[in-house]
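The figures that follow rest on heavy atoms only: side chains count, while hydrogens, waters and symmetry mates do not. Atoms within a ligand are numbered from 1 in the order they appear, just like the ligands themselves.
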Amino acid sequence: MYSSNWKDYLARPVASRRDCYLSITYDYIDDYLYRIAAPRDRLLEKMEEYADTNNVPIIGPLVGRFLYNLAKTNQSKKVLEIGTAIGYSGIWLARAIAPQKGNLTTIDMNPERIKIARKNIAEAGLDKAVRIIEGSALDILPTLKDEYDLIFLDSDKDVYPDAFKLSIPKLRKGGLFVADNALWGGEVAKGGKDKDTQSMIKFNKLVFESSALSSVIVPLRDGVLVSVKE
Ligand code: DHB
Ligand code: MG
């Protein structure tokens, strides 16, 4: 079970936390990071609770804030997200860019999740700033004509390598490519043999071998990869 609800997470005995929350840092450090994080509005809190109850792996408030800050500092106007889920990361991103008349395009193949995301995004008052496209990222990406200031990848892990290859041509010079779960619970460092771990190992290798990118994995939550297109 993936707890994205920080209050619930902190209420659990320390020993049980690592099992229920993808985390690669020390528990006491995580506790501290969640404790000092600024409170969210009721909508984000409700979404965190929903994600926790329904096992939807959302990025949570720490990575949410990180994305928000990245989009702000790079003055993003056009953002692309691969993996909408319930719209939690999309709301963080759209809130960063909507005041600058920016807009978010987000892709997901799960129609039920999209329905929930649409409702959440409308409740956030961001429906004009967000376009949701239903379909497989690998089919949709080649059809997109725009150039993006920031691309955030958080889809099924088996599509990461191909989604990466299709994304980079859509990123402007100086743009940011950001990917969630780059450390995959630490499995990438251990050389895990399962399909998703192998895909994440391949993905990280592709990213770091790319001379067009300046890349780093920030060990926040499950590892957030941030690349700047040179
Ligand atoms: C999983 C997916 C995610 O994007 C995430 O942040 C955590 C877990 C998963 O599929 O297990
Ligand atoms: Mg994720």
- Task: For R221, counting its heavy atoms only, list the atoms of ligand 1 lying under 4.0 Å from any of them.
- Result: 5 (C), 6 (O), 7 (C)
- Note on the structure: Counting from 1 in the order shown, the ligand 1 atoms closer than 4.0 Å to a non-hydrogen atom of N181 are 3 (C), 4 (O), 5 (C), 6 (O), 7 (C)
- Query: Just checking, is any N or O donor in the side chain of N181 or K157 under 3.5 Å from an acceptor N or O on the other one?
  - Reply: yes
- Message: Please find the pair of heavy atoms, one from W184 and one from T197, that lie closest to each other, and give the distance.
- Response: CD1-OG1, 3.4 Å
- Proximal heteroatom of D154 relative to the Mg ion (ligand 2) (N/O/S): OD1
- Derivation and outcome, side chain to side chain contact (heavy atoms under 4.5 Å, CB included), residues T106 and I133: CA-CA 6 Å; T106 180; I133 304 178; over 6 Å; no
- Task: In sequence, state the C-alpha distance, the side-chain angles, and the governing distance for F177 and F164, and then conclude on ring-ring contact (aromatic ring centres under 6.0 Å, His included).
- Result: CA-CA 9 Å; F177 175 76; F164 165 70; 5.4 Å; yes
- Taking only heavy atoms of W184 into account, list the atoms of ligand 1 that are under 4.0 Å away from them. 1 (C), 9 (C), 10 (O), 11 (O)
- Message: Below 2.8 Å, can you find an N, O or S atom of D180 next to the Mg ion (ligand 2)?
- Response: yes
- Is it true that atom NZ of K202 has more than 12 heavy atoms of other residues, nucleotides or ligands lying nearer than 6.0 Å? no
- Message: If we only consider heavy atoms of D222, is any one of them less than 4.0 Å away from an atom in ligand 1?
- Response: no
- Within 4.0 Å of some non-hydrogen atom of P57, the atoms of ligand 1 are 1 (C), 2 (C), 3 (C), 5 (C), 7 (C), 8 (C)
- Task: Check whether the side chains of D149 and N74 place a donor and an acceptor atom closer than 3.5 Å, and report yes or no.
- Result: no
- Message: Out of all atoms in ligand 1, which are within 4.0 Å of some heavy atom of D154? Include the element for each.
- Response: 4 (O)
